[in-house]
Amino acid sequence: MSNHAGSYMLNSVLNSAAELGIFEKIGKEDTRAFLKKIFGIGSHYDCNPGEILEDIAEDYNVCYCCLKFDRPMQNGLCNECESF
């Protein structure tokens, strides 16, 4: 069973950081490194990547299913994952 509250909390943290302009200040590579750490923390606490990235996956160009960057995306999923 997934930790929904934790997933949505991490989503709120990412939204707050974006609103404060933190990701623009640290740049693309450090933003991605931070996101990977968030995904790792979420995984450790049984959080759902789809909920962590809900409504923001495309902002970071990361698929919420496979957690890979820079793939053509639609509705938070890369083309490969969407075809499953």
Side-chain angles (χ1 to χ4, degrees):
M1 184 158 196
S2 190
N3 178 357
H4 301 289
S7 299
Y8 288 116
M9 180 190 64
L10 291 172
N11 178 275
S12 293
V13 168
L14 292 175
N15 279 311
S16 295
E19 287 172 12
L20 292 170
I22 290 171
F23 298 128
E24 288 81 17
K25 292 176 185 173
I26 67 172
K28 183 178 180 178
E29 294 305 314
D30 285 338
T31 295
R32 288 183 173 186
F34 180 70
L35 288 171
K36 288 177 184 179
K37 288 189 180 283
I38 292 289
F39 302 149
I41 291 166
S43 175
H44 181 75
Y45 289 95
D46 195 29
C47 294
N48 181 310
E51 293 171 347
I52 294 170
L53 290 167
E54 187 169 305
D55 298 325
I56 60 173
E58 291 183 12
D59 295 344
Y60 303 106
N61 200 25
V62 59
C63 175
Y64 73 75
C65 182
C66 67
L67 301 178
K68 293 182 181 175
F69 294 94
D70 294 331
R71 294 183 162 198
M73 298 197 26
Q74 186 173 339
N75 300 319
L77 290 169
C78 69
N79 292 342
E80 188 175 312
C81 291
E82 189 174 55
S83 66
F84 283 120

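In what follows, every heavy atom counts, from backbone to side chain, and hydrogens, waters and symmetry copies are set aside.
Between Ile52 and Cys47, the shortest heavy-atom distance links the atoms CD1-CB, 4.0 Å. Nearest heavy-atom pair across Arg71 and Asn61 is O-OD1, 3.4 Å. Residues Asp59 and Asp55 come closest through the heavy atom pair OD2-O, 4.1 Å. For the residue pair Asn75 and Glu58, the shortest heavy atom distance occurs at N-OE2, 2.5 Å. The shortest non-hydrogen separation linking Asn48 to Ser2 is CB-OG, 3.3 Å. Residues Asn3 and Glu51 share a closest heavy-atom pair of O-OE1, 4.5 Å.
Interatomic distance, Lys36 NZ to Ser43 OG, rounded to the nearest 0.5 Å: 15.0 Å. Going from atom CG of Leu77 over to atom OG of Ser83 covers 9.5 Å, rounded to the nearest 0.5 Å. Distance OH/Tyr45 to CG/Leu10: 10.5 Å, rounded to 0.5 Å.
Judged by distance alone, the side chain of Asn11 and the main-chain N or O of Ser7 form no donor-acceptor pair under 3.5 Å.
Note on ring orientation: taking the six-membered ring where Trp is involved, the planes of Phe23 and Tyr60 are perpendicular (angle over 60°, cut-offs 30° and 60°).
Checked against ring-ring contact (aromatic ring centres under 6.0 Å, His included), Phe39 has no partners two or more places apart in sequence or in another chain.
With contacts defined as side-chain heavy-atom distances shorter than 4.5 Å, the pair Leu35/Phe69 qualifies. A 4.5 Å side-chain heavy-atom check between Arg32 and Asp70 finds at least one atom pair inside the cut-off.
Under the 4.5 Å side-chain heavy-atom criterion for grouping Ile, Leu, Val, Met, Phe, Trp and Tyr, Ile26 is connected to Ile56 within one hydrophobic cluster. In terms of hydrophobic clustering, with Ile, Leu, Val, Met, Phe, Trp and Tyr side chains grouped at heavy-atom distances under 4.5 Å, Tyr8 and Ile38 are assigned to different clusters.
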